[in-house]
Amino acid sequence: MDHPRVLLLSMYPLDQGLWGPTVRITHLRDALARRVAIDVVDGYRARRRGALARYALSGQMRVLDGIYVETSTALPSETDVAFLALARALGVPILTYFRDAYQLFPEYYSADTPRRWLSARAFLPAVRTLASVSSRVAVPSNGLGRAIFGERRDVLTLPPGSPPPAGVAMREDADQLLFIGNARGDAAGGRRLLDAVSLAREAGSSVELTLVCRVGEEPDCELPAGVRVVRAEGTQVHALLPNVMATIIPRPKNRYNDLALPVKLFDYLSFGRPLIVTNCDETARVVRDARCGLVVGDAPAEIADGIRELGDRPFATRRRLGDAAARSAIGQSWEARASQVLDALGLGPPTDRTATTAA
């Protein structure tokens with residue numbers, strides 16, 4: 001029997017390293033490729049336009065069994081919409097995943113330029129257009145689904161997945177906190193994290209902080225004592241883990257962060273370390289359900305108290321929390337997410353791995 005064939009349409013390029021959204025898309029691509037034959041069209045608008053036109057003209061759409069779309073923060077192009085409308089007319093099921101809705105939250109997305117103002121105004125019409133040419137739509141959390149689609153009932157919740165547990169033991173004297181992502185400004189809590197580490201150290205903690213940032217995402221201020229910036233991605237981060245006592249997500253609590261689920265949260269689970277997270281609703285729920293860390297307030301002093309509390313706990317307790325994180329990662333794997341995608345496309349049980357091609 002022939003394997004089902006699925007097209008992955010990524011509105012981000014997948015050949016420029018693992019960062020932010022490409023971590024999610026790359027893991028899903030690889031998990032899908034172990035189950036079905038998969039074609040890939042990826043890139044920003046200009047690159048997608050040509051690739052989609054070539055794909056449509058190649059005749060491959062006639063043998064497609066489904067299309068999975070990963071949108072970006074940028075608005076889709078007219079070619080995206082036309083291609084998906086053609087596929088839908090040909091009877092190809094389409095699942096479109098909407099990863100965020102920054103534009104709906106003025107406190108998170110400042111429309112301070114003509115381009116950003118236009119993006120904010122055009123966001124919902126663009127989402128509705130993509131939804132209209134899709135068989136189903138997906139979002140990372142129930143809260144985000146309600147923010148975008150109201151009470152629409154056919155929205156699939158498709159959170160990020162976790163890689164397999166890293167299996168790296170923690171040193172008993174580990175005293176590092178690990179933060180991965182954009183530490184510039186305070187949108188992701190970078191500034192308050194630096195303040196919290198300084199407060200914890202002033203109160204007698206020996207904690208140090210490792211920031212894993214891309215170029216341009218380092219803090220835009222002088223680094224306090226005990227803080228360093230390193231470059232690492234993917235499994236390179238595992239080399240840091242022996243000295244890591246906890247991972248941390250210090251996002252400020254607001255309407256958007258209450259309903260968002262950062263990809264890094266699920267990567268952190270796989271590291272097998274306790275988590276310290278601020279009390280943003282969806283993120284806190286994952287940590288509480290897994291019983292794998294501390295939920296703290298979002299003020300620097302409250303984060304500092306959480307850092308000191310975890311550091312004061314016995315090593316056996318920290319290790320137990322880390323083991324709980326690793327168990328949660330197993331239950332929320334990218335393989336499970338790929339199965340959800342295929343089920344939503346009506347392709348039933350996954351099949352064995354077959355060859356992957358790129359358009």
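As the structure is a prediction and not an experimental result, all values here were calculated from the model.
Between Met11 and Leu130, the shortest heavy-atom distance links the atoms CE-CD1, 4.3 Å. The two residues Ile303 and Gly297 have their closest heavy-atom pair at CG1-O, 3.5 Å.
Counting non-hydrogen atoms of other residues, nucleotides and ligands closer than 6.0 Å to CD of Gln16 gives a total above 12. For Arg214, the CZ atom is densely surrounded, since the number of other residues' heavy atoms within 6.0 Å is greater than 12. Few gaps surround CZ on Arg116; more than 12 heavy atoms of other groups in view lie less than 6.0 Å from it. For Arg62, the CZ atom counts as loosely surrounded, since its 6.0 Å shell holds 12 or fewer non-hydrogen atoms of other residues, nucleotides or ligands.
Between Tyr12 and Tyr44, the two ring planes are perpendicular [angle over 60°; tilted spans 30° to 60°]. Relative ring orientation between Trp334 and His27 is described as parallel, the plane-to-plane angle staying below 30° on a 0-90° scale split at 30° and 60°.
With sequence neighbours left out, the salt bridge (Lys or Arg N to Asp or Glu O under 4.0 Å) criterion links Arg251 to no other residue.
Note on residues 176-199: no pairs pass ring-ring contact (aromatic ring centres under 6.0 Å, His included), not counting sequence neighbours. Within the structure, the ring-ring contact (aromatic ring centres under 6.0 Å, His included) test picks out the following pairs touching residues 124-166 (sequence neighbours left out): Phe98-Phe149.
A salt bridge links Glu218 with Arg231; the closest basic N to acidic carboxylate O contact falls under 4.0 Å. A salt bridge does not link Arg184 to Asp220: none of the charged side-chain nitrogens sits closer than 4.0 Å to a carboxylate oxygen.
Tracing side-chain contacts under 4.5 Å through hydrophobic residues (I, L, V, M, F, W, Y), one never reaches Ile25 starting from Leu265; they form parts of separate clusters.
Each of Asp281, Asn279, Thr283 was compared with Lys253 under the side chain to side chain donor-acceptor pair (under 3.5 Å) criterion, and only Asp281 meets it.
Side chains of Ser77 and Asp80: a donor-acceptor N/O pair is present below 3.5 angstrom, by distance only. A donor-acceptor contact closer than 3.5 angstrom is absent between the side chains of Ser333 and Glu335.
How far CD1 of Ile180 is from CD of Glu217: 12.0 Å, rounded to the nearest 0.5 Å.
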